[in-house]
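Accompanying notes for the structure given below.
So you know, we letter chains A, B, ... as the sequences are listed, proteins then strands, and number each from 1.
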2 protein chains.
Amino acid sequence: MTSQQDLLDTLAQVARALGSGHRLALLERLAQAPASVETLAGSTRLSVGNASQHLQQLRRAGLVTANRSGKQMIYRLTDERIVSLIGLLRQVAETNLAEMERLVGQFFADGDSGGALEAVSRSDLLAGLKRGDVALLDVRPAEEFAAGHLPAAINIPVEQLEQMLDLLPEDKEIVAYCRGPYCALSHEAVQRLRQLGYRVRRFEEGYPEWKAAGLPVTSA
Amino acid sequence: MTSQQDLLDTLAQVARALGSGHRLALLERLAQAPASVETLAGSTRLSVGNASQHLQQLRRAGLVTANRSGKQMIYRLTDERIVSLIGLLRQVAETNLAEMERLVGQFFADGDSGGALEAVSRSDLLAGLKRGDVALLDVRPAEEFAAGHLPAAINIPVEQLEQMLDLLPEDKEIVAYCRGPYCALSHEAVQRLRQLGYRVRRFEEGYPEWKAAGLPVTSA
DNA sequence: GCAACATTCTATCACTCCATTGAATGTGGG
DNA sequence: CCCACATTCAATGGAGTGATAGAATGTTGC
């Protein structure tokens with residue numbers, strides 16, 4: 001005799017696992033590529049012990065799995081749909097929560113001098129790629145790029161941006177992307193490239209959303 | 001200078017609002033129809049004071065809104081997508097959490113004598129309706145039915161099932177639905193109707209999911 | 001303005017969650 | 001077999017959450 005309440009309580013456990021900014025950051029990082037505890041702790045500025053504890057909460061909620069590889073534990077998302085789930089959560093929050101709207105506004109205005117940083121939507125990007133007049137720039141670290149990226153993207157991690165400018169075409173508009181809508185890497189890249197005179201905009205999503213939508217990705 | 005962490009923390013607040021079985025029950029009830037605090041408390045077996053507090057957490061998270069109507073406060077969902085969000089959460093949980101699978105199994109086996117209670121999928125239902133060989137039965141309370149229901153559905157609340165049998169056609173298969181996948185009403189109806197000899201199955205979703213999918217609904 | 005009603009607020013207690021620390025476990029290399 | 005390393009476990013204190021009861025607020029009808 002299972003009551004409906006048991007099911008909802010269990011569902012609520014999963015929701016609670018998403019109820020921490022640190023865990024959402026871990027999930028966002030895991031959406032790029034599987035990683036060890038130490039790597040994840042580094043990406044999220046958590047102590048190793050703390051990261052481990054959060055990862056185990058995510059594991060108990062069925063959101064990540066872990067398997068050993070030598071001395072390291074490699075964590076990965078259990079399910080592609082977790083990216084969609086967080087995306088939907090984001091949409092609902094942005095639409096209905098004033099505080100969220102405010103923060104998003106700040107995030108996009110951050111260091112911006114005008115309204116020109118308008119992001120490129122998925123459909124715009126697909127159209128531009130089809131026409132062949134945009135170049136895709138992936139500004140994530142090389143390791144994440146290697147684990148998977150958009151077709152035909154060029155990888156220049158932000159730290160090495162100025163040193164690798166010759167990889168960028170000059171006759172096309174550049175579209176930069178990174179980990180997701182709240183990832184600052186592509187913002188930074190866009191700003192620095194604009195100062196150097198490049199015609200460049202930001203893709204409003206990131207690699208995980210692209211992949212979760214079932215669009216083609218390339219690895220290695 | 002908004003950090004990404006502020007955005008994720010705010011997002012986490014919304015997720016935390018979903019992190020309680022009672023609040024999920026309130027949301028499920030609100031997905032049927034807007035309702036007063038007292039009504040909601042009754043539907044979820046919470047005290048009025050407690051329900052009010054949970055509703056305000058949902059309000060702070062931007063998931064519900066309230067406006068006064070005379071002496072009562074009428075709460076409603078802010079966004080249709082909240083139903084999809086919970087649906088996706090449910091899918092992820094059912095796929096990846098062993099405990100969830102166990103509970104769902106119990107829920108469906110509950111009082112069942114065989115495997116014959118296989119639920120009808122959305123596409124099967126649409127096909128059956130198009131062919132005209134299924135009759136739709138809505139077993140929710142009349143008030144929720146009035147606020148919105150599937151086209152051509154007949155409303156017989158479970159409490160009045162035996163008294164209103166003459167509304168049911170005898171030459172068609174009956175498909176019963178209620179509030180959602182975890183709502184027990186249609187289960188109960190199917191079991192009782194089967195014992196009476198009817199050919200009847202359960203729709204695997206409910207009214208809110210149908211509506212959230214953008215399919216046509218009728219009200220009043 | 002007062003009585004009846006619906007809802008919210010306040011205070012309290014028990015409980016859970018979070019970050020930190022240091023100890024314990026498991027693994028590969030010598 | 002022991003050491004170095006990566007990770008997990010266990011214990012602590014502090015902050016937040018949930019349910020309850022009772023007071024306070026706001027609304028309608030007289």
Donor-acceptor pair, Ser69(A) side chain versus Gln72(A) backbone, under 3.5 Å? no
Short of 4.0 Å, heavy atom to strand atom, which residues of residues 15-39 of chain A count as contacting DNA chain D? Ser36(A), Val37(A), Glu38(A)
Under a criterion of less than 4.0 angstrom to any heavy atom of chain B, what are the 5'-terminal and 3'-terminal contacting nucleotides of DNA chain C? dC5(C) to dT10(C)
Axis deviation across the helix from dG1(C)-dC30(D) to dG30(C)-dC1(D), five-pair ends, to the nearest 10°: 30°
Contact check, residues 42-64 of chain B vs DNA chain C, heavy-atom distance under 4.0 Å, returns Gly49(B), Ser52(B), Gln53(B), Gln56(B)
What pairs meet the side-chain hydrogen bond (donor to acceptor under 3.5 Å, both in side chains) rule with one or both residues in residues 175-184 of chain A, with sequence neighbours excluded? Glu94(A)-Tyr182(A), Asp138(A)-Tyr177(A), Glu144(A)-Arg179(A)
What pairs of donor and acceptor atoms, side-chain ones from residues 8-18 of chain A against any protein atom, are under 3.5 angstrom apart with sequence neighbours left out?
{"residue": "Thr10(A)", "atom": "OG1", "partner": "Asp6(A)", "partner atom": "O", "Å": "2.8"}
{"residue": "Arg16(A)", "atom": "NH1", "partner": "Gly19(B)", "partner atom": "O", "Å": "2.7"}

Contact boundaries on DNA chain D for chain B, cut-off under 4.0 Å to non-hydrogen atoms: dT17(D) to dT28(D)
Pairs meeting criterion side-chain hydrogen bond (donor to acceptor under 3.5 Å, both in side chains) with involvement of residues 206-220 of chain B, two or more places apart: none
In short, salt bridge (Lys or Arg N to Asp or Glu O under 4.0 Å) pairs touching residues 152-165 of chain A with sequence neighbours left out are Glu162(A)-Arg192(A)
Residues from residues 66-74 of chain A sitting under 4.0 Å of DNA chain D, heavy atoms only? Lys71(A), Gln72(A), Met73(A)
According to salt bridge (Lys or Arg N to Asp or Glu O under 4.0 Å), does anything in residues 57-75 of chain A pair up with another residue at least two apart or in another chain? List the pairs. none
List in chain and number order the residues that pass ring-ring contact (aromatic ring centres under 6.0 Å, His included) with Tyr75(A), two or more places apart in sequence or in another chain; answer none if no residue qualifies. none
